[in-house]
Number of protein chains: 2
Amino acid sequence: MVGRNRLQSDKDNLRQEIMDVARELFVAEGFRSVSMRKIADRIGYSATTIYLYFKDKNDILAQICRQTFERLTENINAIYNLSDNPLEKLRSGMREYVYFGLKNPSQYELVFIAPLPLEFEPDGINNGTAAFDTLRRVVGECAAAGLLKSADVELTSQTLWAGIHGVTALLIQHEGFPFVDREKLIGSVIETLIAGIRT
Amino acid sequence: MVGRNRLQSDKDNLRQEIMDVARELFVAEGFRSVSMRKIADRIGYSATTIYLYFKDKNDILAQICRQTFERLTENINAIYNLSDNPLEKLRSGMREYVYFGLKNPSQYELVFIAPLPLEFEPDGINNGTAAFDTLRRVVGECAAAGLLKSADVELTSQTLWAGIHGVTALLIQHEGFPFVDREKLIGSVIETLIAGIRT
DNA sequence: AGAAATAAATTAACAGTGTTATTTTATTTT
DNA sequence: AAAATAAAATAACACTGTTAATTTATTTCT
C-alpha cells in the first residue's frame with residue numbers, strides 16, 4: 001500500500017518532469033525541431049521510456065496545453081469578477097486573452113493557430129473554447145444591458161474572437177513585420193471591435 | 001541556339017510540372033505529410049532530380065505561394081478600380097482577401113498563418129505585404145476623405161488586417177468548431193471593423 | 001561524322017525522425 | 001528466495017530531407 005503510493009508518486013514526478021523539460025524545449029526551439037531523443041537525453045532516460053507516460057509526441061504537447069489553458073480560463077474568470085460594467089469586463093478579458101497568447105506563444109500556436117494533429121484537436125479545442133465560453137457569457141451580459149447593436153450573441157462573440165485572435169496570431173507569427181507599437185495595435189483592435197459592436 | 005531554347009523550355013516545363021503536382025499534393029494532404037519521394041513518384045523522376053529545380057522542399061512551396069499571391073494582389077487591385085467610394089473599395093477588398101484565403105487555404109496558411117522556415121519568410125512576407133500595401137493605400141484614401149476616426153493610417157490598416165486575418169485563419173484552421181454561417185461571420189467581422197474605424 | 005564537354009538524371013548513402021517489439025533490469029508480492 | 005510485475009533500455013523498422021558520386025543523355029566543337 002505504502003509501496004504502491006510511492007511508486008505512483010514517482011510515476012507522476014517523472015511524468016511532470018518530462019512535461020517541464022519538453023515545454024522548455026518546445027518554447028526555445030519549436031515543437032517540430034525537438035525530438036523525442038532530445039527530451040530523453042535531458043531527463044536522463046531513453047527515448048522509448050517517454051512512451052510509458054505519453055501516447056506519442058503530440059500527446060506531450062496536448063497535456064502541456066491543457067495545463068496552460070486552464071490558467072487562461074482562471075485568469076479571465078478572475079478578471080470578470082473585478083468589474084461590474086460588462087463592457088469593461090469585455091475590454092479587460094480581451095486584453096488578457098491577447099497578452100496570454102503573447103506570453104505563451106508556443107501553446108497558443110498549438111491550440112489556436114496550427115492545431116495540426118487532427119486526433120488531438122478535440123482536447124485542444126475544448127481547452128481553448130472554455131475561454132471562449134466565458135467571452136460569450138460576457139457578450140450576453142452586454143446584450144442584456146442593451147449595449148450592443150446586434151442581438152445575435154453568438155455572432156458577436158465569434159466576431160470579437162476573430163479580431164483578437166487575428167492580432168494575437170499576427171504578433172506571434174510575424175515578428176519580422178514592421179508592426180506599429182504592440183500596445184497601441186492591441187488597443188486599437190480592441191477599441192475598434194468594441195466601437196463596432198456598440199449601439 | 002535553337003537547341004538551347006528547347007532545352008530551356010523543357011526545364012521550365014518540368015519545373016512547372018513539379019509545382020503543379022506539389023501544389024495538388026500539398027492541398028490534399030498537407031505540406032508536412034508530402035515527401036519529396038512522393039512528389040517524385042508522381043512526376044516519374046527520382047527524388048533528387050527535384051533538387052535540380054528547387055533549392056529544397058520549402059522552396060517548392062515558396063514558389064507556389066509566390067504565384068498564388070500575385071493573383072491575390074491582381075484581384076484586389078482590380079476590385080479597387082471598380083468603385084469610386086473608398087469605403088466601398090475597402091469593404092470589397094477585405095471580402096476578396098478573406099475569400100481568397102478560404103479558396104487557397106494551403107498557401108494562405110504558409111504565407112500568413114504558419115511561416116515556419118525562417119530563411120524563407122522574407123519572400124513569403126513580401127508576397128503577402130504586396131496585398132497589404134494596397135489595403136493601406138485605400139485606407140489612406142478613406143482618411144483623406146475624412147471618413148475615419150483616426151488619422152493614423154498605418155495603425156488603422158494593421159487593425160483591419162488583424163481582423164480579416166483572424167476570421168480567415170479561424171475558418172481555415174478550426175473546421176471542427178461550430179461557427180455560425182460563414183458568410184454571416186465574414187460580413188459581421190468586416191462591418192464591425194468598418195463601423196469601428198468610421199467617424 | 002566522331003570526340004570532348006556539358007547537362008540531366010539516377011543510385012547510394014547519411015544522419016536524423018517517430019514509433020513498436022523485444023529483451024533486460026529493477027521492484028514488489030507471494 | 002521464487003514468482004510476478006513494473007520500469008527501462010536496446011534493437012530495429014520504415015520513413016524523412018538532403019548530399020556526393022556516378023551514370024546516362026544531350027549539345028558543342030573539330
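Every chain is numbered from 1, with letters handed out A, B, ... down the list of sequences. Computation of the quantities below employed the complete heavy-atom set of this structure, encompassing side-chain atoms and omitting hydrogens, waters and symmetry-equivalent molecules.
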Comparing nearest nucleotides in DNA chain D, the 5'-proximal residue of the pair A/Ser46, A/Arg37 is A/Ser46
Between B/Asp84 and B/Lys89, is there a salt bridge with N-O shorter than 4.0 Å?
no
Distance, rounded to the nearest Å, where B/Met36 contributes CE and C/dA9 contributes C1'
15 Å
Salt bridge A/Glu88-A/Arg91, side-chain N to carboxylate O under 4.0 Å
yes
Consider the side chain of B/Tyr51, meaning its heavy atoms from C-beta on, and name the nucleotide among D/dG17, C/dT10, D/dA8 that approaches it most closely.
D/dG17
What is the separation between atom NZ on B/Lys38 and atom P on D/dC15, rounded to the nearest whole Å?
11 Å
Joint hydrophobic cluster, A/Phe31 plus A/Met19, side-chain heavy atoms closer than 4.5 Å:
yes
What is the distance, rounded to the nearest whole Å, between atom CG of B/Leu14 and atom P of C/dA7?
17 Å
Can you measure B/Lys55 atom NZ to D/dT18 atom P for me and round it to whole angstrom units?
8 Å
Could you give the CG-to-P distance, from B/Asn58 to D/dG17, as a whole number of Å?
10 Å
Let's test this: given Watson-Crick or G-U wobble pairing with both distances under 3.5 Å, identify the partner of C/dT30.
D/dA1
Work out which heavy atom in B/Gly101 is nearest to a heavy atom in B/Thr168; give both atom names and the distance.
CA-CG2, 4.0 Å
In whole Å, what is the span from the CG atom of B/Leu61 to the P atom of D/dG17?
13 Å
Candidates D/dG17, D/dA8, C/dT10 - which lies nearest the side chain of B/Ser35
D/dG17
Rounded interatomic separation in angstrom, taking CD1 from A/Ile43 and P from D/dA7
14 Å
Out of C/dT19, C/dG18, D/dT19, which nucleotide sits closest to the side chain of B/Thr48?
D/dT19
Given C/dA8, C/dT19, D/dT18, the nucleotide with the shortest approach to the side chain of B/Lys57
D/dT18
Got a salt bridge between B/Asp41 and B/Lys38, using NZ or NE/NH1/NH2 to carboxylate O under 4.0 Å?
no
Rounded distance (Å) that lies between atom C1' of C/dA8 and atom CZ of B/Arg15:
16 Å
Of the nucleotides C/dT20, C/dA8, D/dT18, which one has an atom closest to the side chain of B/Leu52?
C/dA8
